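The model shown is predicted, which means the values in this text are computed figures rather than measured ones. Note: hydrogens, waters and symmetry copies are ignored here, and every other heavy atom, side chains too, is used.
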Number of protein chains: 2
Amino acid sequence: MADRPYTAVIDRLREVGLRPTRQRLALARLLFDTGDRHVTAEQLHGEAVTTGISVSLATVYNTLHQFTESGLLREVVVEAGRSYFDTNIANHHHFFETKSGHLIDIPADQVTIGSLPTAPNGAEIEQVDLIIRVRRRA
Amino acid sequence: MADRPYTAVIDRLREVGLRPTRQRLALARLLFDTGDRHVTAEQLHGEAVTTGISVSLATVYNTLHQFTESGLLREVVVEAGRSYFDTNIANHHHFFETKSGHLIDIPADQVTIGSLPTAPNGAEIEQVDLIIRVRRRA
DNA sequence: AACTGATCTAGAACAATTCTAAAAACCTTG
DNA sequence: CAAGGTTTTTAGAATTGTTCTAGATCAGTT
Ligand SMILES: [Mn+2]
Ligand SMILES: [Mn+2]
Ligand SMILES: [Zn+2]
Ligand SMILES: [Zn+2]
């Protein structure tokens, strides 16, 4: 990843059928080049701008949704007015720190969910979200 | 509950320190007189208006939040742009039908969550939300 | 009935997100 | 390597759900 740092990301986008445009590549690097993260659209847009990447907020939204539909990201809903996007697409759960709005991963093997009820009326389970809301003590 | 249908609701509001005003009583009856329900503010406002109850949307929001703070309701977050209020305050979980936006209760005893990880860094667990997202098959 | 704080209200304001339609970029083809 | 068709990006307007504001109304007390 030293002198051709984009090839991996380019391939990844091609695999899911998304053209590797300048803004998708830049956003992908912000998202995937460091470890797992949980970001909102405005956060990511802020980072891009700070990093000197010129990209519109509309494109950030478009890209986050495209990445989510392609399985590169997962959307986590914990607050009514805000969407988080999670670069960790492995099966896992979350602590949500109500006050700060921080999400913390819980590896799937640290939680045992047994005996799930069957989905109602021939519906199909898409995802199981476990969110543990915590409050930091004063 | 036949000829003095409001006394039960009045007492319930008094217990949590909320004055039994005309609009709070009317909304409480819409919420609690039939079985358990999951409603949004605008849904409830619509119902009130349809039933001939004159109440502003701001009051519906105020009331839902006051009821939630008082423990008469519980808020359920499943979609980024919308808040559901749940009249079932017993410990339980939810199916969420993505397409229709319907919530279906899962009694707590139908799910086994074992071995929860300890909350991070001296934080305190406030609530454990399990949401099973389902898609109805065509 | 008068008083006083609580509550209600219309409408403005707000925050996050989505939409629009025109410009720019991308990729294939000639 | 230019032209052409398609996809993508963009600024700004629009939309949605919710919250705020400040004046009017109401509930409970005297
Ligand atoms: Mn945000
Ligand atoms: Mn709604
Ligand atoms: Zn995560
Ligand atoms: Zn419920």
Using atom [atom1] of [X] as one end and atom [atom2] of [N] as the other, report the distance to the nearest whole Å.
| X | N | atom1 | atom2 | answer |
| --- | --- | --- | --- | --- |
| A:Tyr61 | C:dT18 | OH | P | 7 Å |
| A:Tyr84 | C:dT17 | OH | P | 10 Å |
| A:Asn62 | D:dT9 | CG | P | 7 Å |
| A:Arg14 | D:dT8 | CZ | P | 12 Å |
| A:Leu57 | D:dT10 | CG | C1' | 11 Å |
| A:Phe85 | C:dA16 | CZ | C1' | 11 Å |
| B:Leu13 | D:dC26 | CG | P | 19 Å |
| A:Leu64 | D:dT9 | CG | P | 12 Å |

With a cut-off of 3.5 Å and sequence neighbours excluded, list every side-chain donor-acceptor pair involving residues 12-27 of chain A.
unit_1: A:Thr21; atom_1: OG1; unit_2: A:Arg24; atom_2: N; d: 3.3
unit_1: A:Arg24; atom_1: NE; unit_2: A:Arg19; atom_2: O; d: 3.0
unit_1: A:Arg24; atom_1: NH1; unit_2: A:Gln66; atom_2: OE1; d: 2.9
unit_1: A:Arg24; atom_1: NH2; unit_2: A:Arg19; atom_2: O; d: 3.3

Within the 4.0 Å heavy-atom criterion, would you say B:Ser54 contacts the bases, only the backbone, or no part of the nucleic acid?
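Touches sugar-phosphate only.
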Across the strands shown, which category fits B:His45 at heavy-atom distances under 4.0 angstrom: base, sugar-phosphate, nothing?
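It contacts nothing in the nucleic acid.
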Phosphate oxygens OP1/OP2 of C:dT9: is one of them under 4.0 Å from a side-chain N or O of B:Thr59?
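So the side-chain polar atoms of B:Thr59 do come within 4.0 Å of the phosphate oxygens OP1 or OP2 of C:dT9, strictly under.
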So, OP1 or OP2 of D:dT19: does either fall under 4.0 Å of a side-chain N or O from B:His65?
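So the side-chain polar atoms of B:His65 do come within 4.0 Å of the phosphate oxygens OP1 or OP2 of D:dT19, strictly under.
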side-chain hydrogen bond (donor to acceptor under 3.5 Å, both in side chains) contacts touching residues 48-60 of chain A (sequence neighbours left out)
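Checked against side-chain hydrogen bond (donor to acceptor under 3.5 Å, both in side chains) - neighbours excluded - the pairs reaching residues 48-60 of chain A are A:Ser56-A:Thr59.
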For residues 60-76 of chain A, which residue pairs qualify under salt bridge (charged side-chain N to carboxylate O under 4.0 Å, His left out), counting only residues two or more places apart or in two chains?
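As it turns out, the salt bridge (charged side-chain N to carboxylate O under 4.0 Å, His left out) pairs with a partner in residues 60-76 of chain A, which skip direct neighbours, are A:Arg74-A:Asp129.
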Could you name each residue pair satisfying salt bridge (charged side-chain N to carboxylate O under 4.0 Å, His left out) that touches residues 90-103 of chain B, not counting sequence neighbours?
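Every pair satisfying salt bridge (charged side-chain N to carboxylate O under 4.0 Å, His left out) with a residue in residues 90-103 of chain B: B:Glu97-B:Arg136.
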Which donor-acceptor pairs under 3.5 Å do the side chains of residues 108-115 of chain B make with protein atoms, sequence neighbours left out?
unit_1: B:Thr112; atom_1: OG1; unit_2: A:Ser115; atom_2: OG; d: 2.8
unit_1: B:Ser115; atom_1: OG; unit_2: A:Thr112; atom_2: OG1; d: 2.7

Would you mind reporting whether B:Phe32 and B:Leu73 have side-chain heavy atoms less than 4.5 Å apart?
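Yes. Closest side-chain heavy atoms under 4.5 Å.
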Does the side chain of B:Phe85 come within less than 4.5 Å of B:Val76's, by heavy atoms?
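Heavy-atom side-chain distance check fails, nothing below 4.5 Å.
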So if I take every side-chain heavy atom of A:Arg19 and compare against C:dC26, D:dG17, D:dT10, which nucleotide ends up nearest?
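So the side chain of A:Arg19 is nearest to C:dC26.
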Name the closest nucleotide to the A:Ser83 side chain, picking from C:dT9, C:dT17, D:dT10.
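Nearest listed nucleotide: C:dT17.
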Table of protein N/O atoms under 3.5 Å from nucleotides 21-24 of chain D N/O atoms:
none

Do any of residues 21-28 of chain A sit with a heavy atom less than 4.0 Å from DNA chain D, and if so which?
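Of all residues in residues 21-28 of chain A, the ones placing a heavy atom under 4.0 Å from DNA chain D are A:Thr21, A:Gln23, A:Arg24.
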Taking only residues two or more places apart in sequence, or in another chain, which ones meet A:Phe67 in a ring-ring contact (aromatic ring centres under 6.0 Å, His included)?
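Partners of A:Phe67 under the ring-ring contact (aromatic ring centres under 6.0 Å, His included) test: none.
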Among residues at least two apart in sequence or on other chains, which ones pass side chain to side chain donor-acceptor pair (under 3.5 Å) with A:His94?
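For A:His94 the side chain to side chain donor-acceptor pair (under 3.5 Å) partners, ignoring immediate neighbours, are A:His38, A:Asp86, A:His92, A:Asp105.
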